[in-house]
Engineer: 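Have a look at this one before I ask anything.
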Protein chains: 2
Amino acid sequence: MASSDGYSWTKADGLRPGVPCIGAIQPPSNLESTTDATTDFDVIVVGAGYAGLTAARDTSVAGLKVLLLEARDRIGGRSWSSNIDGYPYEMGGTWVYWGQAAVWREIARYGMQDELESSYDFSRGINKFLLASTDGTKSFTHEQEDALMQSCLAKLFNVDGKDGRDALPMPHSAAGRLSASDRRFDGVSVADRVAEIRADLTPDERLCLEGFVLLCSGATLATTSFYEMLHWWALCGHTYEGCVNHLVRFKLRAGQSSFAVRFFGEALATGRLSYALSEPVASIADLDQSDGSGSGSGSGSSVRVTTRSGRTFSAKRVISAVPLNVLADVAFEPPLRAGRAAAAAAGHVNQTVKVHAEVRDRDLRSFTGISYPHNGLVYGFGDGETPAGNTHVVAFGGQHRHFHPEDDIDRTIAEFQGFAPMNVERVVFHNWSRDEFAKGAWFFSAPGFLTSHFDDLRARQGNIFFASSDWASGWRSFIDGAIEEGTRAAASVRADLMGK
Amino acid sequence: MASSDGYSWTKADGLRPGVPCIGAIQPPSNLESTTDATTDFDVIVVGAGYAGLTAARDTSVAGLKVLLLEARDRIGGRSWSSNIDGYPYEMGGTWVYWGQAAVWREIARYGMQDELESSYDFSRGINKFLLASTDGTKSFTHEQEDALMQSCLAKLFNVDGKDGRDALPMPHSAAGRLSASDRRFDGVSVADRVAEIRADLTPDERLCLEGFVLLCSGATLATTSFYEMLHWWALCGHTYEGCVNHLVRFKLRAGQSSFAVRFFGEALATGRLSYALSEPVASIADLDQSDGSGSGSGSGSSVRVTTRSGRTFSAKRVISAVPLNVLADVAFEPPLRAGRAAAAAAGHVNQTVKVHAEVRDRDLRSFTGISYPHNGLVYGFGDGETPAGNTHVVAFGGQHRHFHPEDDIDRTIAEFQGFAPMNVERVVFHNWSRDEFAKGAWFFSAPGFLTSHFDDLRARQGNIFFASSDWASGWRSFIDGAIEEGTRAAASVRADLMGK
């Protein structure tokens, strides 16, 4: 199985679009006819990322008749892996942790607790943190790295004398409108906040701090909401150790797509899931103009979904799992309400560049590095060992010195050298910025965005529910948040249709 | 609604058995006949604690016909709350946290994220940590308390130079047999380990350390497995701050029973749940002697459940959510396999005494305290403010200087004075040691128990699945672990009966 998404490069083969993916489901659809479907569904789920997969699974398991429509030729959305020569490269969302409730519940439910492995192996070679700036490269032990990161991040978030603990004690609140305190922090950017504390930061701390923030937001310091960064910090337990554990430590040995297919398979096994991949949705028309909220009308089909290929499907309810940055590309009728339309027009700011290199240098397995502010790849580290015995290095850039890896592969390889010299044999990546079904990586908000739009994004609109990690209340931006949102949407649809 | 479980005492009313509880479901059964049921069920769930509730909910939602049998007159098992004069007293399992995946997933799913409140309010009066020993009482700021606890616990768990991080990096492993390293730590008690590090502990650290361990295990230092304590520490992220957050910080504003009824209500709404409270099970007979594992036979009823009142029910599968310490009180036919029978005979060692006091002293809202080794209540703190403006103090004792609170209420009140003088107006508690359906509080293991019995306890036996927090792989002993186990059992039954 292969997807047309993603790129791989080797010296022998050059740059090639498309990579293997077990999430490229075969057959691509189980619908019986290629003409307009006459079947009425209980619910149509648009989008087969983790939000859509969870929603489709939970509703089909609960007895509803479900149609899942996916624009791509694979499931997983912004989280998918490609196995190349026996090694999984994670093209998007990667890391999971037992402190992330929604995703860990699923890992435990599928009995995959022992399929985790650590990205880190601090045992050999250049077992150092390399801080490469315009002044040259300094190296630190990983213990020094931890202390440096803890120190600079504590300063960044210490708005309350308690490293942010009092400022944001309950990061999973779903209460709606941001509190006055939250809004105050959402009104400033990380650039603003760094300006406040600049005198307290050593030069190394400042490089580490800014590099880490850019790793998280994929934006620029000026377009990164300080509140959203503080929210990540609070989710991680207000410590750098918590950040490492929650954000970059454990991944699934067989890759994210090995996880996504579990959701899909469970839904399919109910016998109540119809699906079609490579079927982008063009429009969603809610024919029942009354607000379905609490109306309980709900017996007849009231939403019509039309795909770009001209097929139409009807259902009582629709769950849109379309990401924020492409929500405006679907024609809603009636149109998206003003608040949501404004949010979709604004979009989020994350333009992360994530690239993998397979390198011959075994000594790089244990390095971590920041290369900033001059390099296009800001954050990188040894992330695994391939079956060939080579080192797998993963690296991240973003809106800061943004580039498209496929446009100039020599430059892309050169960006890796920004951390340390390395002999690159293979490059693998997905360009999220040019992905028409994502237009960016994981959600990250500019200052003011959440204050203005958070509630609007979470609200239902008539018979349409909106589920995405982009507006999760807890692990927003994460696989966990997608599952949280798919769970929420499925529960709402069940309550509507089954009187739960 | 009221339960016959629990006790309350006031000066005016004296000691009274039975307290209000919204988990005392009305009507107590929805079975149509009081004679033997002729209906065949897909699955019978024995026990309506969180493991049984989760199993009954997940199987009924998925389309199976379910019978839930509960020995008590209420649901919730070892976690239940009583609202008295508008204030919820937690009789057993209480605290929840977003770092506990199974329980937090449910809290988010039921939209209860904003129904948490902090047990702590460090804002007034005796805003101190009181360390009461035979040498008198010392007081510390809460910052000093945190430092003292972090220091002594880090010493306890520092078997690897990394405060236990390397010794137990993956506390959620479900791989089965404990590793050699795990077995080594399970072979010793906390008393053994304290003997090793005694010279490194200050007198205050030793008091704090031992008091904290006894709070966790409800046993004695000699009967507390060092491995199990290390497992708690690892689950909490290897820091005292993590322990506070995960173990004792956040509770549900309306009480645990307000949560349990959500599971029950969702299952009932499927129309596929039959249930009977106050219906203790006497025997479970698996009539299909072949091991159901993978056999897929499963079409006919093969398990017969007989209650103490003589009613019999049949089902294709049974999920036993009976706790370890009372498992031997149910007659299984064929008998429990040797390993499980040995585990049931050994039992776990937690005989926690948990008592609540409503006290007139508003100044005690912000105190925490350890009273050790001379006092029957070892750990206590201000846990809330009642509508009357009084302070709610919760306190814990255990096998160390064990007592039965109802036997001598004056002594019980005197035990509270072991922390600080207080004017006790009300006492509320449940005596778990004399509870015939629990015979102890949450699971805690003696040295060697898990090494010998963990796998046996998790295994299915023919058509019977065993689900309990007592043998959860992650948050064993916790509400979270019960939900983990109920989820696992439901998934197994679905796989068996629905070919998932």
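What's counted below: heavy atoms across the whole structure, side chains too, no hydrogens, waters or symmetry copies. Chain A is the first sequence line, chain B the second, and so forth, proteins listed ahead of strands; every chain is numbered from 1.
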Engineer: When heavy-atom pairs shorter than 4.5 Å are enumerated against chain B, which of A/V103, A/T270, A/V61 gives the highest number?
Structural biologist: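 It is A/V61.
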Engineer: I'd like to check the ring-ring contact (aromatic ring centres under 6.0 Å, His included) partners of A/Y120; sequence neighbours left out, ordered by chain and number.
Structural biologist: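 By the ring-ring contact (aromatic ring centres under 6.0 Å, His included) rule, A/Y120 matches A/F122, A/F381.
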Engineer: Which residue out of A/Q113, A/E106, A/R105 racks up the most heavy-atom pairs below 4.5 Å with chain B?
Structural biologist: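 Ranked by contacts with chain B, first place is A/R105.
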Engineer: Rounded at 0.5 Å granularity, tell me how far CZ in B/R109 sits from CD1 in A/I483.
Structural biologist: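 Rounded to the nearest 0.5 Å, the CZ-CD1 separation comes to 14.0 Å.
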Engineer: How far apart are the closest heavy atoms of A/G237 and B/E241, and which atoms are they?
Structural biologist: O-OE2, 4.3 Å
Engineer: Holding to ring-ring contact (aromatic ring centres under 6.0 Å, His included), I want the full list of residues that pass it with A/F264, two or more places apart in sequence or in another chain.
Structural biologist: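 For A/F264, the residues satisfying ring-ring contact (aromatic ring centres under 6.0 Å, His included) (neighbours in sequence not counted) are A/Y275.
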Engineer: Heavy-atom distances under 4.5 Å only: say whether B/T239 touches chain A with side chain, backbone, both or neither.
Structural biologist: side chain
Engineer: Which members of residues 466-479 of chain A, sorted by number, sit under 4.5 angstrom from chain B on a heavy-atom basis?
Structural biologist: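 A/S473, listed by number.
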Engineer: Using non-hydrogen atoms and a 4.5 Å limit, figure out which bit of B/F250 sits close to chain A: side chain, backbone, both or neither.
Structural biologist: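 Looking at B/F250, just its side chain touches chain A.
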Engineer: Side chain, backbone, both or neither: which part of B/S173 has an atom under 4.5 Å from a heavy atom of chain A?
Structural biologist: both
Engineer: Looking only at heavy atoms, which of residues 164-172 of chain A get nearer than 4.5 Å to chain B?
Structural biologist: A/R165, A/P169, A/M170, A/P171, A/H172
